[in-house]
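Here the structure is laid out as structure tokens; the discussion comes afterwards.
Along the sequence shown, the residues carry numbers beginning at 1.
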Amino acid sequence: MTAQPALTRVRDICLALPHGAERLSHGSPGFFIDIGKNGGKFFAYFWHNVHGRAVTAVILKTSGFEEQGMLVEMDPDRYFVPPYLGPSGWLGMRIDSAEPDWDRVADRISASWAMVAPRRLLSGRRV
């Protein structure tokens with residue numbers, strides 16, 4: 001899959017979440033929760049050939065280093081520790097295979113969104 005269709009899918013998933021919004025961050029599309037205060041918190045980034053890596057990926061929050069390490073160890077062809085954000089517990093999820101598992105991508109994006117969402121957005125929402 002080329003970068004544009006992958007970005008379109010990621011964008012559709014991210015912007016369908018409550019208060020999902022997009023803006024460029026360091027030259028790449030970033031997705032955040034727009035609640036009107038301080039620009040909101042980012043929950044996903046779309047990376048394509050960033051930092052010299054020939055990879056198309058979505059960069060997501062994890063619950064911490066344990067989850068990050070477990071996922072990378074479990075499936076190193078799909079997951080990686082991204083430069084700069086990895087030391088803060090973020091995870092790279094490759095989406096450059098011929099047919100990415102978009103249900104899995106959507107689940108990971110939704111979980112990342114829930115990690116940064118204010119409590120009032122989470123009430124009554126199943127993630």
Side-chain angles (χ1 to χ4, degrees):
M1 175 172 275
T2 63
Q4 191 56 47
L7 173 57
T8 298
R9 291 291 295 266
V10 168
R11 179 178 285 133
D12 289 346
I13 294 165
C14 291
L15 298 182
L17 292 165
H19 299 274
E22 178 182 354
R23 74 172 176 253
L24 285 180
S25 175
H26 303 285
S28 294
F31 301 92
F32 66 102
I33 298 173
D34 186 4
I35 53 174
K37 290 169 129 183
N38 303 325
K41 291 185 178 181
F42 281 92
F43 61 90
Y45 297 92
F46 179 83
W47 280 10
H48 177 69
N49 295 337
V50 173
H51 303 295
R53 288 187 71 147
V55 170
T56 301
V58 60
I59 310 301
L60 305 159
K61 296 276 293 176
T62 64
S63 61
F65 296 116
E66 188 173 311
E67 180 184 20
Q68 180 195 55
M70 178 196 67
L71 289 167
V72 171
E73 183 178 325
M74 182 179 69
D75 192 351
D77 292 331
R78 180 183 317 267
Y79 300 109
F80 63 95
V81 177
Y84 305 108
L85 295 173
S88 297
W90 288 71
L91 177 74
M93 182 178 196
R94 293 185 68 144
I95 55 173
D96 51 7
S97 65
E99 294 198 26
D101 182 344
W102 288 109
D103 289 336
R104 184 182 291 188
V105 172
D107 287 346
R108 292 282 339 152
I109 289 172
S110 183
S112 183
W113 177 93
M115 286 180 214
V116 302
R119 289 184 202 262
R120 66 184 170 85
L121 290 182
L122 291 173
S123 59
R125 185 181 189 310
R126 295 185 79 198
V127 179

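Taking CG of Asp34 as the start and CZ of Arg23 as the end, the distance is 8.0 Å to the nearest 0.5 Å. The CG atom of Asp12 lies 8.0 Å from the CZ atom of Arg9; values are rounded to the nearest 0.5 Å. How far CE of Met93 is from OH of Tyr79: 4.0 Å, rounded to the nearest 0.5 Å.
Annotation for Cys14 and Ala44: closest pair SG-CB, 4.0 Å, computed over non-hydrogen atoms. The shortest non-hydrogen separation linking Asn49 to Ala54 is OD1-CA, 3.1 Å. Considering every non-hydrogen atom in both Leu7 and Pro29, the closest pair reads CD1-CG, 3.9 Å.
For Ser25, the side-chain hydrogen bond (donor to acceptor under 3.5 Å, both in side chains) criterion is met by no residue, not counting sequence neighbours. Checked against side chain to side chain contact (heavy atoms under 4.5 Å, CB included), Pro83 has the following partners two or more places apart in sequence or in another chain: Trp47, His51. Annotation: side chain to side chain contact (heavy atoms under 4.5 Å, CB included) contacts of Ala16 (sequence neighbours excluded): none. Under the rule for a side chain to side chain contact (heavy atoms under 4.5 Å, CB included), the partners of Arg120 that lie at least two apart in sequence or sit in another chain are Ile35, Pro118. In this view, Ala57 and Val55, Ile59, Phe80 satisfy the side chain to side chain contact (heavy atoms under 4.5 Å, CB included) rule, not counting sequence neighbours. When the side-chain hydrogen bond (donor to acceptor under 3.5 Å, both in side chains) test is applied to Arg11, the partners found at least two apart in sequence or on another chain are Glu22.
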Would you please test Ile13 and Phe31 for side-chain contact (heavy atoms from CB on, under 4.5 Å) and show each step? CA-CA 10 Å; Ile13 294 165; Phe31 301 92; over 6 Å; no
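Under the 3.5 Å distance criterion, the side-chain polar atoms of Ser112 are left unmatched by any main-chain donor or acceptor of Arg108. A donor-acceptor distance shorter than 3.5 angstrom exists from the side chain of Trp113 to the backbone of Pro18, with no hydrogens or angles considered.
Taking hydrophobic clusters as Ile, Leu, Val, Met, Phe, Trp and Tyr residues chained together by side-chain heavy-atom distances below 4.5 Å, Val58 does not share a cluster with Tyr84. Grouping the Ile, Leu, Val, Met, Phe, Trp and Tyr side chains by contacts below 4.5 angstrom, directly or via other members, places Leu122 with Phe43. By the criterion of side-chain heavy atoms lying less than 4.5 angstrom apart, applied directly or through intervening Ile, Leu, Val, Met, Phe, Trp or Tyr residues, Phe46 is not grouped with Met115; the two fall into different hydrophobic clusters.
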Side-chain donor-acceptor pairs of residues 68-75 under 3.5 Å, sequence neighbours excluded:
residue, atom, partner, partner atom, Å
Gln68, NE2, Gly86, O, 3.0
Gln68, NE2, Trp90, O, 2.6
Asp75, OD1, Arg78, N, 3.4
Asp75, OD2, Arg78, NE, 3.0

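Counting only heavy atoms from C-beta outward, the side chains of His19 and Ile33 approach each other to under 4.5 Å.
Each salt bridge (charged side-chain N to carboxylate O under 4.0 Å, His left out) pair with one or both residues in residues 86-95, not counting sequence neighbours, appears once here: Arg94-Asp96.
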